[in-house]
Amino acid sequence: MTATAFAIAITSVLLNAAAQLFLKAGTNVVGTVSFGGADTMQTLMQIARVPWFWAGFACYGISLFTWIATLSRAPVSVAYPLLSIGYVVNALIAYWLFGESLTVQKIVGIGFIVIGVVLLSWNFSK
């Protein structure tokens with residue numbers, strides 16, 4: 001993977017992670033969200049009034065285009081595992097911003113994810 005492809009991929013991953021965090025911030029404002037019932041339209045209107053949701057939607061939209069750019073430059077078998085970095089970013093930022101738990105089990109799991117991404121992305125044929 002070239003440096004350019006890697007930079008675009010990381011940008012996409014971070015935008016996707018940011019989208020998740022913005023959507024979580026939105027749910028913290030709105031509360032529990034349910035769809036499919038009689039209150040679906042009211043729920044959609046609530047969501048439409050919260051800027052955090054719009055920020056999340058924007059990040060998702062931009063990340064879609066950066067991901068397409070990534071896939072045009074790198075094999076999916078190398079690029080796709082990089083999405084796992086989003087788990088790491090989200091776990092750490094959710095701990096910091098939202099006070100979510102970061103247990104030893106989660107930290108060990110994050111470590112395995114990082115090791116896996118490095119192993120999958122490393123070019124051993126040099």
Side-chain angles (χ1 to χ4, degrees):
M1 178 179 282
T2 67
T4 300
F6 184 77
I8 295 169
I10 292 300
T11 299
S12 184
V13 168
L14 294 177
L15 283 165
N16 192 292
Q20 293 294 323
L21 294 164
F22 285 134
L23 294 177
K24 175 60 180 169
T27 63
N28 287 347
V29 172
V30 172
T32 302
V33 175
S34 297
F35 294 104
D39 296 331
T40 297
M41 189 53 96
Q42 182 181 355
T43 300
L44 292 172
M45 294 305 293
Q46 277 184 301
I47 288 170
R49 289 190 292 264
V50 178
W52 294 119
F53 285 115
W54 290 105
F57 299 153
C59 286
Y60 265 137
I62 297 167
S63 76
L64 173 65
F65 292 107
T66 56
W67 190 247
I68 291 169
T70 298
L71 293 176
S72 73
R73 289 170 171 78
V76 71
S77 62
V78 175
Y80 191 69
L82 293 176
L83 290 174
S84 301
I85 294 170
Y87 301 142
V88 177
V89 170
N90 276 342
L92 297 175
I93 295 177
Y95 169 77
W96 179 60
L97 283 180
F98 304 126
E100 294 186 8
S101 68
L102 195 56
T103 63
V104 172
Q105 182 178 1
K106 286 182 184 177
I107 293 169
V108 170
I110 288 169
F112 281 124
I113 289 170
V114 170
I115 291 167
V117 168
V118 169
L119 288 174
L120 288 168
S121 299
W122 200 278
N123 185 355
F124 290 107
S125 62
K126 289 182 181 180

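Since we're looking at a predicted model, the values are computed, not measured. We use all heavy atoms of the structure for the numbers below, so side chains are in, but hydrogens, waters and symmetry mates are not.
- Atoms CD1 and CG, from Ile93 and Leu14 in turn, are 8.0 Å apart once rounded to the nearest 0.5 Å.
- Contact of the Val29 side chain with the Phe53 side chain is not registered, since no non-hydrogen atoms from C-beta on lie closer than 4.5 Å.
- Checked against ring pair (Phe, Tyr, Trp, His ring centres under 6.0 Å), Phe57 has the following partners two or more places apart in sequence or in another chain: Trp54.
- Applying the side-chain hydrogen bond (donor to acceptor under 3.5 Å, both in side chains) rule to Ser12 yields the partners Thr66; only residues at least two apart in sequence or on another chain are considered.
- Applying the side chain to side chain contact (heavy atoms under 4.5 Å, CB included) rule to Arg49 yields the partners Met45, Gln46; only residues at least two apart in sequence or on another chain are considered.
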Hey, can you pull the donor-acceptor pairs under 3.5 Å for the side chains in residues 105-119, sequence neighbours left out?
from   : atom 1 : to     : atom 2 : distance (Å)
Lys106 : NZ     : Ser101 : O      : 3.1
Lys106 : NZ     : Ser101 : OG     : 3.1

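- Sequence neighbours left out, not one pair with a member in residues 60-101 passes ring pair (Phe, Tyr, Trp, His ring centres under 6.0 Å).
- Between the CG atom in Asn16 and the CD1 atom in Ile85 there is a gap of 12.0 Å [rounded to 0.5 Å].
- Listed by chain and residue number, Leu64 satisfy the side chain to side chain contact (heavy atoms under 4.5 Å, CB included) test with Ile68 (two or more places apart in sequence, or in another chain).
- Summarising the geometry of Ala79 relative to Leu71, their closest heavy-atom pair is CB-CD2, 4.2 Å, with the distance given to 0.1 Å.
- Applying the ring pair (Phe, Tyr, Trp, His ring centres under 6.0 Å) definition to pairs two or more places apart or across chains, none involves residues 25-44.
- Val76 and Val78 fall within the same hydrophobic cluster, where Ile, Leu, Val, Met, Phe, Trp and Tyr residues are linked whenever their side-chain heavy atoms come under 4.5 Å apart, directly or through other members.
- Connectivity analysis of hydrophobic side chains (ILVMFWY, heavy atoms under 4.5 Å, direct or indirect) links Leu15 to Ile62.
- Annotation: side chain to side chain contact (heavy atoms under 4.5 Å, CB included) contacts of Ala7 (sequence neighbours excluded): none.
- Scanning all heavy atoms of the two residues, the minimum distance from Ser34 to Thr43 falls at O-OG1, 3.5 Å.
- How far CG of Leu82 is from CD1 of Ile8: 12.5 Å, rounded to the nearest 0.5 Å.
- Taking CG from Leu97 and CG from Leu21, the interatomic distance works out to 7.0 Å, rounded to the nearest 0.5 Å.
- In terms of heavy atoms, Ala19 sits closest to Gly56 at CB-O, 3.4 Å.
- Among residues two or more places apart in sequence or in another chain, the ring pair (Phe, Tyr, Trp, His ring centres under 6.0 Å) test is passed with Phe22 by Trp52.
- Scored by the side chain to side chain contact (heavy atoms under 4.5 Å, CB included) test, Ser72 finds no partners at all (sequence neighbours excluded).
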